[in-house]
K.L.:
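Here it is: the structure, laid out below.
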Amino acid sequence: MSKLVIVESPAKAKTIKKYLGSGYEVVASMGHIRDLNPNRLSVDIKKKFAPKYEIIKGKEKLADELVRLAKKSDYVYLATDPDREGEAISWHLAYLLGLDLEDTNRVTFNEITATGVGNGMAAPRKIDLDLVNAQQARRILDRLVGYKLSPFLSQKIRKGLSAGRVQSVAVRIVVDRENQIKAFQPEEYWSIDAKFIPKGSRKAFPASFYGNADGKIKISTGEQAQQLLDAMKDAQPFVEKLRHGTRKRQPAPPFITSTLQQEASRKLGFQAKRTMKVAQELYEGIEIDGMGAVGLITYMRTDSLRLSEDALSAAETYIKDHWGDSYLPSGGPRHFKSRSNAQDGHEAIRPTTIDLTPAAVKNSLTGDQYKLYKLIWERFIACQMAECIHKTTQADINVGGYIFKASGYRIDFDGYTVLYVESSDSAEEEKESELPPLEKDMPLRVKEMIPNQHFTQPPARYTEASLIKALEEYGIGRPSTYAATISTITSRGYVKRENKSLSPTELGEVTTKLMEERFPKIVNVKFTAQMEQNLDTVEEGTCGWVELLTEFYGDFDKTLKAAKEEMKGVKIELEEDKTDLICEKCGKPMVVKFGRYGRFIACSGYPDCKNIVKMVSKIGVPCPKCSGDVIVKKTKKGREFYGCSQYPSCTFVSWNQPTTERCPQCGEVLFKKKGKIPKLFCAAEGCGYEREDDTEEAVVTQEAVVTKADA
């Protein structure tokens with residue numbers, strides 16, 4: 001062995017080894033090798049915030065093995081991920097292995113391909129200490145906020161609570177939206193929706209009431225709508241005005257980390273954490289039939305829209321070969337402008353090899369890998385395709401002096417939409433259809449004219465996609481942290497998921513209120529965004545990390561001490577923690593507690609009384625095997641399944657939800673299969689009955705059941 005290359009993961013090591021050949025040994029550090037002790041602050045505030053790093057528990061043998069391999073090698077290359085976190089891991093490895101920080105031993109790969117690895121190995125550099133200090137500043141700042149505030153929240157609200165520099169602001173954003181929804185006062189308004197049929201045609205087209213020649217008329221009541229209908233009752237509709245135009249639609253830019261998470265949420269239903277896990281696999285390398293390990297996408301933690309000229313050229317060739325010259329943009333390859341505060345160290349997320357189409361590699365990928373790769377591949381190719389051209393028509397329909405408006409379009413040239421169309425956060429997008437041939441002054445016949453009552457709607461709750469978009473727009477956190485942030489605020493009970501919507505729990509609302517009152521800067525969106533910009537200056541080398549922490553900590557520590565003093569003896573009670581149950585063993589009230597596997601009910605007299613009551617979720621369906629109730633259960637990894645409340649005497653269990661319906665063919669219980677088109681099916685062997693599900697969702701109710709559970 002002559003040269004040792006250290007990367008972060010075994011999958012990445014395997015792929016890189018393939019390209020480097022026999023002269024290199026490639027091993028994995030398995031992520032960070034040193035870190036702050038999770039059980040202590042591990043930051044010496046009095047000594048300029050000096051961090052106290054140590055080998056991560058469980059990695060002692062790995063650390064010894066890396067030291068042994070480094071001593072045997074003629075040269076060591078540090079090839080961890082090409083970002084702030086990867087730079088810090090390389091710095092820790094250099095310390096562990098006794099490497100000189102002046103050595104040019106740091107290599108980075110934007111893509112794990114022969115070209116990407118070759119380019120990286122050909123351009124080794126010194127470890128970038130500005131990047132390392134930027135990572136240290138964030139790590140220590142987050143540690144100070146978390147380890148100083150979390151005990152305070154635990155003492156004042158509930159044991160085990162946590163706070164975080166980004167996490168607490170994210171919760172506040174969700175809480176603020178919920179407050180807007182609660183404060184919203186709906187206003188009534190009416191519309192008149194009509195369908196007209198042109199002379200000599202059978203095809204009706206829709207139009208909406210607008211007003212009259214003087215302008216738009218707002219219809220506030222049903223009486224007003226009826227008066228307008230009466231006024232138009234005997235009038236002859238005709239086309240008063242026609243406007244024809246051309247609308248050009250441009251493709252969306254290639255993915256960056258945040259937009260990939262948003263689109264995967266909208267189109268695939270992936271949570272951000274799942275998206276990043278799969279993207280990491282695609283970047284590090286997949287075993288492709290006949291090719292071995294191949295990195296399929298460029299580095300997935302980036303907020304730059306830059307694309308390499310080689311990638312643009314490959315896309316141009318592919319588009320020309322498969323759709324022809326007319327599908328190429330008229331002005332040459334498209335270049336997209338990144339946001340002003342974007343880090344431009346990496347390209348946008350794109351496929352590494354254009355000819356490795358999703359169809360070509362499908363058999364080598366898991367379902368999740370294929371779906372995400374297809375999304376990335378199609379988005380990149382589409383961004384280099386010609387615009388979509390619509391021929392639009394807008395018509396003003398005169399009915400007794402009142403105006404209805406109709407609009408529609410036809411696709412004149414499909415362009416990039418032949419391959420990919422970006423989705424939207426909006427639940428109801430405006431849907432236009434093609435209008436029939438119309439001419440000015442053409443008489444029309446009324447097919448229907450219907451008044452409809454409406455009420456203004458409050459702002460929508462955040463989804464994971466729209467929350468990521470908000471965090472990005474506010475400048476809070478970095479795209480690489482969004483997945484972890486959302487996972488944290490949901491897993492710790494500050495925010496709950498209801499279908500795709502995110503809403504605060506009472507715990508989230510109470511915690512946010514306390515933070516707003518006592519630590520307003522920590523949950524202030526503008527302050528947090530400014531802190532993010534300040535942290536970026538450390539990375540740029542224009543600000544020292546110790547100076548930044550010193551400036552922050554002085555005010556923070558003063559605020560924390562004041563809060564502790566002013567709230568001595570204060571304990572905030574949560575309504576959701578109370579129950580109407582009385583302990584049958586000691587007579588004290590029972591309260592809701594949170595354990596390792598979720599919520600449970602325990603005696604408020606603990607530890608003197610250790611009575612526990614387990615909470616179960618019934619779906620209102622009897623057990624198919626006995627007289628018990630079907631309840632929702634969870635595996636240790638959090639996946640839901642269905643079982644019988646009489647377990648262990650009854651062993652019924654199913655991944656699919658049983659229903660109250662019986663199979664018309666064999667009489668057995670029908671089960672519900674989820675998906676884009678929910679179905680009911682019979683699980684009886686040899687039956688095979690199946691149909692679309694048009695039943696309502698089962699009502700899930702939570703009840704307390706006495707158990708020996710050691711929650």
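The chain is numbered in sequence order, starting from 1. Just so you know, these numbers come straight off a predicted model, no measurement behind them.
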K.L.:
Given Q135, which partner from the list R84, E85, E87 fulfils the side chain to side chain donor-acceptor pair (under 3.5 Å) test?
P.N.:
E85
K.L.:
Do other residues, nucleotides or ligands put more than 12 heavy atoms under 6.0 Å from the CZ atom of F527?
P.N.:
yes
K.L.:
Using side-chain hydrogen bond (donor to acceptor under 3.5 Å, both in side chains) as the criterion, list what pairs up with D555, not counting sequence neighbours.
P.N.:
K521
K.L.:
According to the interplanar angle, ranging from 0 to 90°, do the rings of Y553 and F556 count as parallel (below 30°), tilted (30 to 60°) or perpendicular (above 60°)?
P.N.:
tilted
K.L.:
Does any non-hydrogen side-chain atom of V171 lie less than 4.5 Å from one of P504?
P.N.:
no
K.L.:
Which residue in the set N179, I173, I181, V174 passes side chain to side chain contact (heavy atoms under 4.5 Å, CB included) when paired with R177?
P.N.:
I181
K.L.:
Is it true that D368 and K277 have a side-chain N and a carboxylate O under 4.0 angstrom from each other?
P.N.:
no
K.L.:
With a 4.0 Å cut-off, would you call D142 and R138 a salt bridge?
P.N.:
no
K.L.:
If we count only N and O atoms by modelled type, under 3.5 Å, do the side chains of Q180 and D176 hold a donor and an acceptor together?
P.N.:
no
K.L.:
In terms of side-chain heavy atoms, does T488 have a donor or acceptor partner in Q167 at a distance below 3.5 Å?
P.N.:
no
K.L.:
Can any side-chain N or O of S168 pair as donor or acceptor with the backbone N or O of G164 at less than 3.5 Å?
P.N.:
yes
K.L.:
May I ask you to decide if L129's main-chain N or O and N133's side chain share a donor-acceptor pair within less than 3.5 Å?
P.N.:
yes
K.L.:
Do we see a donor-acceptor contact under 3.5 Å between the side chains of E111 and T298?
P.N.:
no
K.L.:
Determine whether S29 and L93 make a side-chain contact, defined as any pair of heavy atoms from C-beta on separated by less than 4.5 Å.
P.N.:
yes
K.L.:
Tell me whether K57 at atom NZ has more than 12 heavy atoms from other residues, nucleotides or ligands lying less than 6.0 Å away.
P.N.:
no
K.L.:
Taking the six-membered ring for Trp, are F152 and F519 closer than 6.0 Å centroid to centroid?
P.N.:
yes
K.L.:
Under 4.0 Å between a Lys/Arg side-chain N and an Asp/Glu carboxylate O for K513 and E509?
P.N.:
no
K.L.:
Might you point out which heavy atoms bring L560 and L149 nearest each other, and give the distance in Å?
P.N.:
CD1-CD2, 4.1 Å
K.L.:
Between F336 and P251, what is the shortest heavy-atom contact and its length?
P.N.:
CE2-O, 4.4 Å
K.L.:
Is the number of heavy atoms from other residues, nucleotides or ligands within 6.0 Å of CD (E517) greater than 12?
P.N.:
yes
K.L.:
Given 3.5 Å as the limit, does a donor-acceptor pair link the side chain of E8 with the main chain of G31, or not?
P.N.:
no
K.L.:
What's the shortest heavy-atom distance between A28 and P10, and which atoms?
P.N.:
CB-N, 3.6 Å
K.L.:
Give a yes or no on whether the backbone of R478 and the side-chain of T481 come within a donor-acceptor separation of less than 3.5 Å.
P.N.:
yes
K.L.:
Does V5 reach the side chain of V27, with side-chain heavy atoms less than 4.5 Å apart?
P.N.:
no
K.L.:
Evaluate the side-chain proximity of T275 to L372: yes if any heavy-atom separation is below 4.5 Å, no if none is.
P.N.:
yes
K.L.:
Show, in sequence, the C-alpha distance, side-chain angles and deciding distance for E422 and R379, and conclude whether the side-chain contact (heavy atoms from CB on, under 4.5 Å) test is met.
P.N.:
CA-CA 8 Å; E422 186 181 27; R379 174 86 161 219; 3.6 Å; yes
K.L.:
Between E387 and R334, does a side-chain contact (heavy atoms from CB on, under 4.5 Å) hold up when you go through it step by step?
P.N.:
CA-CA 11 Å; E387 59 203 2; R334 279 198 177 85; 4.2 Å; yes
K.L.:
Just jot down the ring-ring contact (aromatic ring centres under 6.0 Å, His included) partners of Y482, sequence neighbours excluded, or say none.
P.N.:
none
K.L.:
With heavy-atom distances below 4.5 Å as the criterion, would you say the side chains of L307 and H335 are in contact?
P.N.:
no
K.L.:
Which heavy atom of I127 sits nearest a heavy atom of A94, and at what distance?
P.N.:
CD1-CB, 3.8 Å
K.L.:
Checking side-chain polar atoms at under 3.5 Å, does Q271 have a donor or acceptor matched by the opposite partner on E464?
P.N.:
no
K.L.:
For side-chain contact (heavy atoms from CB on, under 4.5 Å), just list the numbers for T80 and V7, CA-CA rounded to whole Å, side-chain angles, deciding distance to a tenth of an Å, and then say yes or no.
P.N.:
CA-CA 5 Å; T80 50; V7 298; 5.9 Å; no
K.L.:
If only atom types and distance count, is the side chain of K59 paired as donor or acceptor with the main-chain N or O of H32 below 3.5 Å?
P.N.:
yes
K.L.:
Check whether any side-chain N or O of T550 sits under 3.5 Å from a backbone N or O of V546 as a donor-acceptor pair, and report yes or no.
P.N.:
yes
K.L.:
Is it true that E178 and Y462 share a donor-acceptor pair across their side chains at a distance under 3.5 Å?
P.N.:
no
K.L.:
For L305, does its backbone N or O pair with a side-chain atom of S338 as donor and acceptor, under 3.5 Å?
P.N.:
yes
K.L.:
Determine, step by step, whether E378 and K374 satisfy the salt bridge (charged side-chain N to carboxylate O under 4.0 Å, His left out) criterion, reporting the C-alpha distance in whole Å, the side-chain angles of both residues, the deciding distance to 0.1 Å, and the verdict.
P.N.:
CA-CA 6 Å; E378 289 181 350; K374 184 172 185 287; 2.9 Å; yes
K.L.:
Test T352 against T113 for side-chain hydrogen bond (donor to acceptor under 3.5 Å, both in side chains), laying out the working first.
P.N.:
CA-CA 7 Å; T352 57; T113 60; 5.7 Å; no
K.L.:
For the residue pair P253 and C383, establish whether any side-chain heavy-atom pair is separated by less than 4.5 Å.
P.N.:
no
K.L.:
Can you name the closest pair of heavy atoms from L535 and A134 and give their distance?
P.N.:
O-CB, 4.4 Å
K.L.:
Within 45° of the six-membered ring axis of Y494 and under 6.0 Å from that ring's centre, is NZ or CZ of R492 located there?
P.N.:
no
K.L.:
Tell me the closest heavy-atom pair linking A382 and L419, and the distance in Å.
P.N.:
N-CD2, 3.9 Å
K.L.:
Sub-3.5 Å donor-acceptor pair from the side chain of T302 to the main-chain atoms of E347, do we have one?
P.N.:
yes
K.L.:
Starting at CG of L131, measure out to CZ of R106 and round the result to the nearest 0.5 Å.
P.N.:
8.5 Å
K.L.:
Please examine the side chains of L161 and L507, heavy atoms only from C-beta on, and report whether any two atoms are closer than 4.5 Å.
P.N.:
yes
K.L.:
Is there a side-chain contact between T505 and V510, using heavy atoms and a 4.5 Å cut-off?
P.N.:
no
K.L.:
For side-chain contact (heavy atoms from CB on, under 4.5 Å), just list the numbers for S480 and D83, CA-CA rounded to whole Å, side-chain angles, deciding distance to a tenth of an Å, and then say yes or no.
P.N.:
CA-CA 10 Å; S480 58; D83 59 10; 5.7 Å; no
K.L.:
State whether E472 and K469 are salt-bridged, where the test is any N-O pair (Lys NZ or Arg NE/NH1/NH2 against Asp/Glu carboxylate O) under 4.0 Å.
P.N.:
no
K.L.:
Once you round to the nearest 0.5 Å, how far does CG of L282 lie from CD of E284?
P.N.:
10.0 Å
K.L.:
Between D35 and R139, is there a salt bridge with N-O shorter than 4.0 Å?
P.N.:
yes
K.L.:
Taking the side chain from D103 and the backbone from N105, do they hold a donor-acceptor pair closer than 3.5 Å?
P.N.:
no
K.L.:
Pairing donors with acceptors under 3.5 angstrom, does anything connect the side chains of R301 and Q280?
P.N.:
yes
K.L.:
Near E498 CD, under 6.0 Å, is it more than 12 heavy atoms from other residues, nucleotides or ligands?
P.N.:
yes
K.L.:
Taking atom CD1 of I89 and atom CG of L96, what is their separation to the nearest 0.5 Å?
P.N.:
13.0 Å
K.L.:
Please report the C-alpha distance between R266 and S423 in whole Å, then the side-chain angles of each, then the deciding distance to 0.1 Å, and finally whether the side-chain hydrogen bond (donor to acceptor under 3.5 Å, both in side chains) criterion is met.
P.N.:
CA-CA 7 Å; R266 290 186 294 240; S423 58; 3.1 Å; yes
K.L.:
Less than 6.0 angstrom from the centroid, inside 45 degrees of the normal: does R350 satisfy that with respect to the ring of F255?
P.N.:
no
K.L.:
Keeping S150 on the side-chain end and G146 on the backbone end, is there a donor-acceptor pair under 3.5 Å?
P.N.:
yes
